[in-house]
Amino acid sequence: MRKHYDVIIVGGGVIGSSIAYFLRRHTPYTVLVLERNKIGSEASSAAAGMLGAQAEIHEAGPMYKMARQSRELFPDLSHELKEISGVDMEWVDKGLLKTAKDGAEAERLKELAAFHRVNGQPAEWMDADELRKKEPNISTKLAGGLFLPRDGQVNAPKLTQAYAQAAVKLGADFMEYTEAAGFEFAEMGTGVQTSAGTFYGEKLVLASGVWTGRLAAQTGLHMPVFPVKGECLSLNFMEPVITASIISEDCYLVPKQGGRLVIGATMHTGTYDRKVTAEGIQQLLEGAIKVVPGIRNGEWEKAWSGFRPQTPDGLPYMGKHPRYPNIYFAAGHFRNGILLSPITGQWMTELICGRKEEQSLCEFAPERFVLEQMKG
């Protein structure tokens, strides 16, 4: 293993692996990815894999634009990654349903449909009968639903695996169970101190999810990232109970290959407690049964938890360190890391090799909260 690289990426989740893939795909840079655990073992493996560019984002702005652009990359990316890595991310293009339990929710969803259509995105309101025609197993008690045909889904762990394995095939190095303990600034580049020794990079990308804020603090930058824990579970069925992903007020349901169904996710802010609680699982199951009653017949598979990396304003960090121009950040994608992974990998690659102006990412600036504090 060499000791000096053009780019070192700290964090081997879906964001770090995507950046490694795009760097090796589009530049001659030597790349090392350092991961404190196993590749993709944190939020990236816990995610349900929804590509909810419209389902998750309900107002115009940089996030809405970014999410839609990123979603459009998945069809080609799915073929590209499978060809290079041999891993199928299981991209599914069957749309997403947001259900309404009563008239008030129905009105809110109709307004949301109008917002998306004004912004050039397809969105179709379905009444209760239309909803049942589309998903025969859905509850008769629902008031209707909003169908978003362009919001798909992938297998999140396999997407991360595909990025990482494709990056390796293209020449990137990955080191698992190698935690970044500190940094040193030397003439030969920025050093990342680890248990396996110090590795030097001309450029350094910090993409460590909820731990990125702590790493930023070691470089003198206040960049708050906090965990929002989510508990999930999965059930198995002889035949799929639904075809489209469904989001209700209480939970989401995402059908996977082989009759598997992922149900999530609770929201617990500010905790690093990994426990999966009986209360959390009960809430999810009760919410899911209200939407699709037949779920009560599913066979239990497993339950798990993960930490979504949240920022105070809900926007991720992407850009350069204000004091060290060779240090970059890509973190804080909250519930949309899977969806935003290709556009993040693409934009960060363009920024690192000078093909993208830093000003174009000003809404995502890593120092934006420092600037706010100074104004205050």
Side-chain angles (χ1 to χ4, degrees), residues 11 13-16 18-19 22 43-44 47 50-74 77 96 98 111-123 148 150-152 154 205-210 212-213 216 221-226 228 247 308-322 325 327-376:
V14 73
I15 298 298
S18 171
I19 296 168
F22 279 95
S44 304
M50 286 186 294
L51 307 178
Q54 291 172 250
E56 291 280 355
I57 301 159
H58 307 151
E59 58 183 34
M63 191 71 156
Y64 187 51
K65 184 178 178 182
M66 179 187 182
R68 286 178 295 161
Q69 285 184 256
S70 197
R71 182 186 61 188
E72 301 312 311
L73 296 175
F74 275 91
L77 183 68
L96 189 149
K98 292 194 73 140
E111 290 175 8
L112 181 56
F115 161 76
H116 287 309
R117 287 196 293 266
V118 165
N119 283 279
Q121 300 297 301
L148 304 168
R150 288 190 186 168
D151 278 359
V154 296
V205 183
L206 302 184
S208 303
V210 293
T212 311
L221 179 62
H222 173 67
M223 202 186 81
V225 185
F226 53 90
V228 181
I247 296 179
R308 310 170 185 91
Q310 176 63 304
T311 65
D313 60 4
L315 296 177
Y317 299 109
M318 285 189 289
K320 294 182 182 180
H321 195 295
I327 298 180
Y328 300 76
F329 296 93
H333 293 70
F334 190 39
R335 294 159 64 108
N336 295 300
I338 301 301
L339 167 65
L340 298 176
S341 62
I343 201 78
T344 300
Q346 191 179 88
W347 285 357
M348 292 302 297
T349 294
E350 291 171 358
L351 186 66
I352 287 166
C353 60
R355 294 201 299 264
K356 192 174 191 68
E357 293 293 328
E358 192 176 3
Q359 187 61 27
S360 67
L361 296 175
C362 61
E363 297 97 341
F364 309 109
E367 72 273 21
R368 62 186 183 267
F369 296 109
V370 176
L371 296 174
E372 273 187 22
Q373 283 182 338
M374 289 170 67
K375 286 177 189 173

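Note that the CE atom of M66 and the CG atom of L315 stand 9.5 Å from one another [nearest 0.5 Å]. Here the CG-CG distance, from L148 to L51, works out to 12.5 Å after rounding to the nearest 0.5 Å. Going from atom CG of L73 over to atom OG of S18 covers 9.5 Å, rounded to the nearest 0.5 Å. The CZ atom of F369 sits 7.5 Å away from atom NE2 of H222, with the distance rounded to the nearest 0.5 Å. Rounding to the nearest 0.5 Å places CD1 of I343 at 11.0 Å from CG of L77. Separating the OH atom in Y64 from the NE2 atom in H116 is a distance of 5.0 Å, to the nearest 0.5 Å.
In this structure, P322 and E367 approach most closely via the heavy-atom pair CG-CB, 3.8 Å. When all heavy atoms of L339 and F74 are compared, the closest pair comes out as O-CE1, 3.4 Å. The two residues L351 and K356 make their nearest non-hydrogen contact at CD1-O, 3.5 Å. Scanning all heavy atoms of the two residues, the minimum distance from A55 to I247 falls at CB-CD1, 3.9 Å. Across all non-hydrogen atoms, the minimal contact from R117 to A123 is NH1-O, 2.6 Å. When every heavy atom of P309 is checked against every heavy atom of G209, the shortest pair comes out as CB-C, 3.7 Å.
The closest donor-acceptor contact from the side chain of S44 to the backbone of V14 lies under 3.5 Å. Between the side chain of S341 and the backbone N or O of I338, at least one donor-acceptor pair lies under 3.5 Å. The main-chain N or O of L96 is never found under 3.5 Å from a side-chain atom of D151 such that the two would form a donor-acceptor pair.
Using a 4.5 Å heavy-atom cutoff, the side chains of R335 and M50 are not in contact. Under the 4.5 Å side-chain criterion, counting only non-hydrogen atoms from C-beta, F22 is not in contact with M348. A heavy-atom distance below 4.5 Å is found between the side chains of P224 and Y317. D313 is listed as a side-chain neighbour of R368, based on a closest heavy-atom distance under 4.5 Å. The side-chain heavy atoms of M223 and L206, taken from C-beta on, include no pair separated by under 4.5 Å. In this structure, the side chains of I352 and Y328 come closer than 4.5 Å at one or more pairs of heavy atoms. Contact annotation: the side chain of L221 approaches that of P366 to within less than 4.5 Å [non-hydrogen atoms, C-beta and beyond]. The closest side-chain heavy-atom distance from M63 to E363 is not below 4.5 Å.
In this structure, F364 and W347 have tilted ring planes: the angle between them lies in the 30° to 60° band.
Applying the 6.0 Å contact sphere to NZ of K65 captures no more than 12 heavy atoms from other residues, nucleotides or ligands.
Here R68 pairs with nothing under the side chain to side chain donor-acceptor pair (under 3.5 Å) rule; sequence neighbours left out.
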